[in-house]
2 protein chains.
Amino acid sequence: MPSRATGRKTPFAEEQVRFEAFLRSRKLKYTGERKALVQAVFQTDHHFDADSLHMALRKKGGDISRATVYRTLDLLVQCGLVRKQSLGDQHAHYEAVRGDEHHDHLICLNCQKVIEFFRPDLEALQDAICEEHKFRALHHSLQIFGLCSDCADTTDESSLLQRVSQIHT
Amino acid sequence: MPSRATGRKTPFAEEQVRFEAFLRSRKLKYTGERKALVQAVFQTDHHFDADSLHMALRKKGGDISRATVYRTLDLLVQCGLVRKQSLGDQHAHYEAVRGDEHHDHLICLNCQKVIEFFRPDLEALQDAICEEHKFRALHHSLQIFGLCSDCADTTDESSLLQRVSQIHT
DNA sequence: GTGGATGCAAAGACTTTGCAGCATC
DNA sequence: GATGCTGCAAAGTCTTTGCATCCAC
């Protein structure tokens with residue numbers, strides 16, 4: 001098991017170095033904007049979208065254009081430091097990748113909270129499914145939509161049923 | 001009425017009736033456009049997007065506007081006859097719902113083929129995951145991206161790795 | 001100094017909406 | 001005949017791109 005965030009000394013150093021090396025390997029430049037963006041990404045709450053990242057950067061005093069946010073996120077995705085994902089919205093969501101761990105998501109339809117989980121038996125099940133269909137898996141994504149423990153009791157489930165069917169996933 | 005290979009006598013009758021009843025229950029009208037749309041949906045290859053449905057309708061001689069296509073798809077989704085989903089693209093995909101069966105998807109990154117599968121043990125696994133997190137599930141979606149049996153041998157996997165990381169799911 | 005990066009604004013893809021005329025019940 | 005429906009075009013959202021300028025190397 002890899003070391004977890006709690007024991008880290010230098011928060012983003014590892015990610016910064018990795019990104020810089022990635023850029024260098026492609027003869028790209030590690031600009032101030034890119035540096036600020038990596039820091040912001042690994043300071044955020046793990047899940048974010050392009051717009052909230054853009055706003056977070058503005059609050060920190062930076063003045064990075066939306067275009068650069070998208071362009072840099074694209075690089076981070078290619079570099080493997082960020083994953084792009086659809087969480088049922090019209091717009092893309094992103095998540096900072098810590099280590100190599102794969103996980104999937106529980107998504108609360110009431111408070112929008114995203115809970116991560118990892119199940120080894122899910123990975124095994126995926127293998128079985130793929131074998132059955134002679135499919136070579138490269139990536140998978142399991143999303144469970146519903147109500148988190150905080151919302152389960154206080155939310156009228158029937159009022160959500162329509163939203164469930166509309167979910168874009 | 002054209003007969004189908006599935007063994008059904010009256011291909012879309014059931015769906016048409018269900019949609020009509022749904023509309024009636026909301027005091028909405030079963031117009032010619034809506035009729036044509038339901039038929040087209042259940043004649044298509046099960047998976048489609050708004051644009052291909054629109055084009056299919058044009059080919060059949062209809063002249064239904066894009067706006068109506070979107071509006072009617074929305075009704076069909078609310079009615080439960082159609083599911084809206086994201087398959088890693090920027091645009092929404094739809095799938096005609098046959099019966100109540102739930103299934104998940106294998107998505108070939110080379111030929112874009114979508115293979116459906118159902119695994120009872122996946123449903124059981126979902127229950128276990130939810131219990132662990134005190135989460136009340138209303139819907140789930142498992143997507144496995146990779147190469148189908150037709151493409152596995154002929155496709156250079158490394159050329160896909162970048163695409164995998166970019167997938168919007 | 002050079003090639004890549006940035007910001008801006010414009011364009012793009014996909015989807016939704018306001019409105020006037022039209023069709024269904 | 002009233003109410004809801006349609007097509008059209010305009011607007012909206014999220015994202016990408018062309019271009020002149022700017023900056024890291």
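By convention in this document, chain letters (A, B, ...) are assigned in the order of the sequence lines, proteins followed by strands, and residues within each chain are numbered from 1.
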Whole-Å distance between [N] [atom2] and [X] [atom1]?
X	N	atom1	atom2	value
A:Q90	C:dT17	CD	P	11 Å
A:R24	D:dC25	CZ	C1'	9 Å
A:Q85	D:dC14	CD	C1'	17 Å
B:I64	C:dC22	CD1	C1'	15 Å
A:D89	C:dT16	CG	P	13 Å

With sequence neighbours excluded, what pairs up with [X] under the side chain to side chain contact (heavy atoms under 4.5 Å, CB included) test?
X	result
A:S52	A:F48, A:D49
B:A152	A:R136, B:L147
A:S65	A:A67, A:T68
B:K134	A:S149

Original post:
Would you call A:D104-A:R119 a salt bridge at under 4.0 Å N-O?
Top reply: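 Salt bridge between A:D104 and A:R119, a charged N being under 4.0 Å from a carboxylate O: no.
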
**OP:** For B:E123, enumerate each residue passing the salt bridge (charged side-chain N to carboxylate O under 4.0 Å, His left out) test, keeping only those at least two apart in sequence or located in another chain.
**Re:**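 Applying salt bridge (charged side-chain N to carboxylate O under 4.0 Å, His left out) to B:E123 gives none.
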
Original post:
For B:D127, what residues pass the salt bridge (charged side-chain N to carboxylate O under 4.0 Å, His left out) criterion, not counting sequence neighbours?
Top reply: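 If we apply the salt bridge (charged side-chain N to carboxylate O under 4.0 Å, His left out) test to B:D127, skipping adjacent residues, there are no hits.
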
Please write out each protein N/O paired with an N/O of nucleotides 8-10 of chain C under 3.5 Å, distance rounded to 0.1 Å.
none

**OP:** Using five base pairs at each end, measure the axis-to-axis angle across the helix from C:dG1-D:dC25 to C:dC25-D:dG1 and round it to 10 degrees.
**Re:**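 Its terminal axes enclose an angle near 30°.
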
Subject >> Under the side-chain hydrogen bond (donor to acceptor under 3.5 Å, both in side chains) test, residues paired with A:H54 that sit two or more places apart >> reply: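 A:H54 satisfies side-chain hydrogen bond (donor to acceptor under 3.5 Å, both in side chains) with no residue once adjacent residues are dropped.
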
**OP:** Under 4.0 Å from any atom of DNA chain C, heavy atoms only: list the residues of residues 27-37 of chain A that qualify, in numerical order.
**Re:**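 Output list: A:K27, A:L28, A:K29, A:T31, A:E33, A:R34.
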
Original post:
Tell me, which pairs form a salt bridge (Lys or Arg N to Asp or Glu O under 4.0 Å) where one or both residues lie in residues 52-65 of chain A, sequence neighbours left out?
Top reply: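 Found A:R58-A:D63.
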
**OP:** Return the nearest nucleotide to the side chain of B:H91; candidates are C:dG7, C:dC14, D:dT15.
**Re:**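 The answer is C:dC14.
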
Subject >> Donor-acceptor contact below 3.5 Å, side chain B:Q90 vs main chain A:Q90 >> reply: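 A pair under 3.5 Å: no.
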
Using atom types as modelled, flag every donor-acceptor pair under 3.5 Å from a side chain in residues 27-42 of chain A to any protein atom, sequence neighbours excluded.
unit_1 : atom_1 : unit_2 : atom_2 : d
A:T31  : OG1    : A:R34  : N      : 3.3
A:R34  : NH1    : A:K29  : O      : 2.7
A:Q39  : NE2    : A:Q16  : OE1    : 2.9

Original post:
Taking OP1 and OP2 of C:dT15, is either one under 4.0 Å from a side-chain nitrogen or oxygen of B:Y70?
Top reply: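 Affirmative; the distance criterion is met.
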
